[in-house]
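Here is the structure we will look at.
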Amino acid sequence: MRPGQTVNIGDEEEVVLDPGDDTSDDSDDDVAANEEADASIEEVEDDEGQAVHNDRVAKTIREKAIEYMETDKGIVLDPREVKMALQIFPRVSGLARRVHDSSTLKEKFDKLVSDTDSLKGNRQALIHRVPTRWNSDLDCLLSHFYFKEVIEQLTAIQSLGLKKYSLSSEQWKMAEDVREILLVSKFFNSILYSDYIILLAL
């Protein structure tokens, strides 16, 4: 059998992975986050630490926002929900990165896309998060929602070891809220940027 070949065994399906592909089904909730952190470190080598700076700023803003909600508004966040929310982007972007980097997973993903009639549009690939690129969080999330049906099929194949990248039903709902917030943010940022360009032209 060659890597990437799909073999039918009774009612189940087995996929032969490329050498070096991870087949483990690690139950650790932080695996995807750790892998994305390692990937960001590699990118930092090319951007002179900008990704590290962005992550630190984001973490500081997040901590200040949580503190403000608790002290000024009396809203105490459920630690379980906070943990689930913080897992969303590492899982979303991590899956996109894994599919992009593995010819076996890419082939399987492409096959599922071609077999899914409900997809409307010309998108062919998942977009992974790039810490130094504007709006990459939104682009990453939008592509994940576009391929939701495909992703749920892909992560359900036990032999691929992608369960750690799957989102729970609660996380999908949280991701919908994040998507709407990011869309609003993009809208207002585009207005501000347009005004800035007009001012430069005056």
Considering only heavy atoms from C-beta outward, does the side chain of L142 approach that of R179 to under 4.5 Å? yes
Measure the shortest side-chain to side-chain distance between L162 and I157 over non-hydrogen atoms and say whether it is less than 4.5 angstrom. no
Which pair of non-hydrogen atoms, one from K73 and one from Y68, has the smallest distance, and what is that distance? CE-OH, 3.1 Å
Do V92 and I181 sit in one hydrophobic cluster, given that two such residues count as connected whenever their side-chain heavy atoms are within less than 4.5 Å of each other, even indirectly? no
Could you tell me the separation between the CG atom of D139 and the NE2 atom of H144, rounded to the nearest 0.5 Å? 14.5 Å
If you measure from CE on M84 to NZ on K173, what distance do you get to the nearest 0.5 Å? 10.5 Å
With side chain to side chain contact (heavy atoms under 4.5 Å, CB included) as the test, would you mind laying out the steps for T116 and Q153 before giving the verdict? CA-CA 10 Å; T116 304; Q153 293 180 65; 3.9 Å; yes
Sequence-distant partners of F145, ring pair (Phe, Tyr, Trp, His ring centres under 6.0 Å), two or more places apart: W172
How many angstroms lie between CG in L138 and OG in S185, if you round to the nearest 0.5 Å? 8.5 Å
Output, in order, the C-alpha distance, side-chain angles, deciding distance and verdict of side chain to side chain contact (heavy atoms under 4.5 Å, CB included) for I151 and L167. CA-CA 10 Å; I151 288 168; L167 298 181; over 6 Å; no
State the CD1-SG distance between I88 and C140, to the nearest 0.5 angstrom. 11.5 Å
Compare every heavy atom of Y165 with every heavy atom of L95, then report the nearest pair and how far apart it is. N-CD2, 3.5 Å
E70: what forms a side chain to side chain contact (heavy atoms under 4.5 Å, CB included) with it, not counting sequence neighbours? I66, V76
Mind running side-chain hydrogen bond (donor to acceptor under 3.5 Å, both in side chains) on E149 and S118 for me, showing each step along the way? CA-CA 9 Å; E149 184 176 346; S118 61; 2.6 Å; yes
Test the R123-Y146 pair against the cation-pi criterion, namely NZ or CZ under 6.0 angstrom from the six-membered ring centroid and within 45° of the ring axis. yes
Tell me if a side-chain donor or acceptor on T71 pairs with a main-chain N or O of E67 at a distance below 3.5 Å. yes
Return yes if some donor-acceptor pair links the side-chain N/O of Q171 with the main-chain N/O of S168 below 3.5 Å, else return no. yes
4.5 Å side-chain heavy-atom contact, H100 and L126: no
Regarding K111 and D115, does a basic nitrogen lie under 4.0 Å from an acidic carboxylate oxygen? yes
As a quick check of understanding, evaluate salt bridge (charged side-chain N to carboxylate O under 4.0 Å, His left out) for K106 and D110, giving each step before the final call. CA-CA 6 Å; K106 182 65 166 63; D110 290 343; 2.8 Å; yes
Separation of N135 CG from L182 CG (nearest 0.5 Å): 8.0 Å
L119 and V150: CA distance, side-chain angles, deciding distance, side chain to side chain contact (heavy atoms under 4.5 Å, CB included) verdict: CA-CA 9 Å; L119 292 176; V150 171; 4.1 Å; yes
Within the distance-only criterion (no hydrogens, no angle test), does the side chain of S102 pair as donor or acceptor with the backbone N or O of R98 below 3.5 angstrom? no
Should I127 and V130 be regarded as members of a common hydrophobic cluster, given that ILVMFWY residues are connected when their side-chain heavy atoms come within less than 4.5 Å of each other, either directly or indirectly? no
Quick one: are E170 and R80 in side-chain contact, heavy atoms under 4.5 Å? yes
D101 vs R97, test: salt bridge (charged side-chain N to carboxylate O under 4.0 Å, His left out). Steps then yes/no. CA-CA 6 Å; D101 293 344; R97 193 182 300 275; 5.6 Å; no
Determine the minimum heavy-atom distance between D137 and F89, stating which atoms define it. O-CE2, 3.4 Å
In this structure, OG of S143 is separated from CZ of R129 (nearest 0.5 Å) by 13.5 Å
